Colleague: 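Take this structure first; my questions come after.
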Amino acid sequence: MTEINAAMNQLDQVTQQNAAMFEETTAATHALTREAEALTRTTTRFQTGDTATAGLVAVDFKTAAGATRAGRTDPARAIAAGNARTAPAQSADSDDWDEF
């Protein structure tokens, strides 16, 4: 009987630790989401002259990565489509970067 009580106490302790870690992870996730949204708002103030991404819809960080909602554009697809429409044909070696 003593062994069962000890095992149950240990199980309860581990369950409480897991619940605490889950709460911490949830709080960190929400904080990161707020920071990402603030960064997005801040960076939209800058104009880089990049016409390939000029027509993109803002990313909604509350949805899953890469997921789409009604009226929203998947950013990866929008960038690829924008690049296909606006980017001039370039060779692989024309980007002025040297191999390491």
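Because the structure is a prediction, the values reported are computed rather than measured.
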Colleague: Could you tell me whether Glu3 atom CD has more than 12 heavy atoms of other residues or ligands within 6.0 Å of it?
Modeller: no
Colleague: Quick check: do Glu37 and Thr40 have side-chain heavy atoms less than 4.5 Å from each other?
Modeller: no
Colleague: Show your working on side chain to side chain contact (heavy atoms under 4.5 Å, CB included) between Gln13 and Asn9 and close with a plain yes or no.
Modeller: CA-CA 6 Å; Gln13 183 180 18; Asn9 286 334; over 6 Å; no
Colleague: May I ask you to test the Leu39-Glu35 pair for a side-chain heavy-atom distance under 4.5 Å?
Modeller: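 Result no, sub-4.5 Å side-chain heavy-atom pair not found.
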Colleague: Working to the nearest 0.5 angstrom, can you tell me the gap between Thr29 OG1 and Arg34 CZ?
Modeller: 10.5 Å
Colleague: Calculate, to the nearest 0.5 Å, the distance between atoms OG1 and CG belonging to Thr25 and Leu32 respectively.
Modeller: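 It comes to 12.0 Å.
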